[in-house]
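Below you'll find the structure, written out as structure tokens, and then a few comments.
Numbers for residues simply follow the sequence, beginning at 1.
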Amino acid sequence: MPETKESRYDEAVNLKAAGKTDAAIESMEKLCVDFPEYALPHAALSMWYTTAANSVKAMEHATRVCELEPEDPFSFIAMSALAVKSGDHKAAEEALGKVRMIQLKHLMEQQKQQES
């Protein structure tokens, strides 16, 4: 069976679960390089770097997730939480503002569909 981005993601997650955090991070970082448009490894790394107390790297990956998934409010909520944890309240507020805009856009689309 050929190796896929999904199987590589699963391998990195398994390394992390086995307590091999450095190897897991290295594997996930390589996955991000090889598949730069794949949001899931960036999301994992944002959490892993938060756990490792590397808020700069955590925010870099959280920001990338938001760039890749601009219509996913959860990505911005996660970024806001990371920003609060790192003490960057301005970034947290900006991320929550994007959540509000996404929600408003969806509400407007729903209303438009109901009217037609």
Side-chain angles (χ1 to χ4, degrees):
M1 179 195 285
E3 189 175 60
T4 64
K5 64 184 179 185
E6 294 84 6
S7 67
R8 288 177 57 192
Y9 175 86
D10 291 342
E11 287 172 22
V13 169
N14 290 337
L15 285 169
K16 177 83 164 90
K20 299 176 181 177
T21 302
D22 291 342
I25 288 174
E26 182 179 328
S27 179
M28 203 65 84
E29 286 283 6
K30 185 162 178 12
L31 184 57
C32 289
V33 170
D34 293 345
F35 297 93
E37 304 305 309
Y38 188 30
L40 198 54
H42 290 286
L45 284 168
S46 72
M47 295 298 122
W48 294 356
Y49 279 124
T50 298
T51 302
N54 188 335
S55 61
V56 171
K57 289 293 254 177
M59 284 300 291
E60 286 174 9
H61 285 284
T63 299
R64 184 66 179 138
V65 173
C66 291
E67 291 168 354
L68 294 170
E69 302 287 342
E71 298 299 316
D72 178 21
F74 178 77
S75 298
F76 289 96
I77 291 169
M79 186 165 81
S80 178
L82 292 175
V84 167
K85 187 171 182 160
S86 71
D88 189 346
H89 297 285
K90 182 176 187 236
E93 289 175 16
E94 289 173 1
L96 287 179
K98 296 213 179 186
V99 172
R100 284 188 219 92
M101 293 305 295
I102 292 167
Q103 290 172 330
L104 181 60
K105 180 180 175 185
H106 288 294
L107 287 172
M108 290 172 65
E109 288 171 359
Q110 286 177 342
Q111 184 177 4
K112 199 184 266 188
Q113 288 176 354
Q114 290 174 351
E115 291 173 356
S116 31

- Smallest separation among heavy atoms of Ile102 and Pro70, with atom names: CD1-O, 3.3 Å

- 4.5 Å side-chain heavy-atom contact, Val33 and Leu31: no

- Answer yes or no: is there a side-chain heavy-atom contact under 4.5 Å between Lys85 and Met59? no

- Note on the structure: Shortest non-hydrogen pair, Ala24 vs Ala12, comes out as CB-O, 3.4 Å

- Message: Can you confirm whether Met47 sits close enough to Leu82 that some side-chain heavy atom of one is under 4.5 Å from a side-chain heavy atom of the other?
- Response: yes

- Interatomic distance, His42 atom NE2 to Ser75 atom OG [nearest 0.5 angstrom]: 11.5 Å

- Which atom names give the shortest non-hydrogen contact between Glu71 and Pro73, and what distance separates them? O-CD, 3.2 Å

- Query: How long is the span from the CE atom in Met79 to the OG atom in Ser86, to the nearest 0.5 Å?
  - Reply: 10.5 Å

- Message: Suppose the criterion is ring-ring contact (aromatic ring centres under 6.0 Å, His included): which pairs have a residue in residues 65-103, not counting sequence neighbours?
- Response: none

- Distance (rounded to the nearest 0.5 Å) between Ile25 CD1 and Leu15 CG: 11.0 Å

- Does atom CD of Glu26 have more than 12 heavy-atom neighbours from other groups under 6.0 Å away? no

- Task: Mind listing the closest non-hydrogen atom pair of Pro36 and Leu68 along with its distance?
- Result: O-CD1, 3.6 Å

- Any salt bridge (charged side-chain N to carboxylate O under 4.0 Å, His left out) involving residues 107-116? Give me the pairs, sequence neighbours left out, ordered by first then second residue. none

- Message: Could you measure the distance from the OG atom of Ser7 to the NZ atom of Lys5? Nearest 0.5 Å is fine.
- Response: 11.0 Å

- Message: Measuring from atom CG of Leu96 to atom CE of Met101, what distance do you get when rounded to the nearest 0.5 angstrom?
- Response: 13.5 Å

- Task: Verify side-chain contact (heavy atoms from CB on, under 4.5 Å) between Arg64 and Glu37, making sure each step is shown before the conclusion.
- Result: CA-CA 9 Å; Arg64 184 66 179 138; Glu37 304 305 309; 3.1 Å; yes

- Item | Expected output: side-chain Ser27 to main-chain Ala23 donor-acceptor under 3.5 Å | no

- Message: Quick check on Gln111: does its CD atom have over 12 non-hydrogen neighbours (other residues, nucleotides or ligands) under 6.0 Å away?
- Response: no

- Basic-acidic side-chain contact under 4.0 Å: Glu94, Lys98: no

- Message: I'd like to check the ring pair (Phe, Tyr, Trp, His ring centres under 6.0 Å) partners of Tyr49; sequence neighbours left out, ordered by chain and number.
- Response: His61

- Message: Nearest 0.5 Å, please: how far is CG in Asp88 from OG in Ser55?
- Response: 9.0 Å

- Message: Within the 4.5 Å heavy-atom criterion, are Arg8 and Lys30 side-chain neighbours or not?
- Response: yes

- Query: Any side-chain heavy atom of Lys57 sitting closer than 4.5 Å to one from Trp48?
  - Reply: no

- Could you check if a side-chain atom of Val13 sits within less than 4.5 angstrom of a side-chain atom of Met28, using non-hydrogen atoms only? yes

- Leu45, Tyr38: one ILVMFWY side-chain cluster at the under-4.5 Å cut-off? yes

- Message: Are Ile77 and Val65 linked, directly or through intermediate hydrophobic residues, by side-chain heavy-atom contacts shorter than 4.5 Å (ILVMFWY only)?
- Response: no

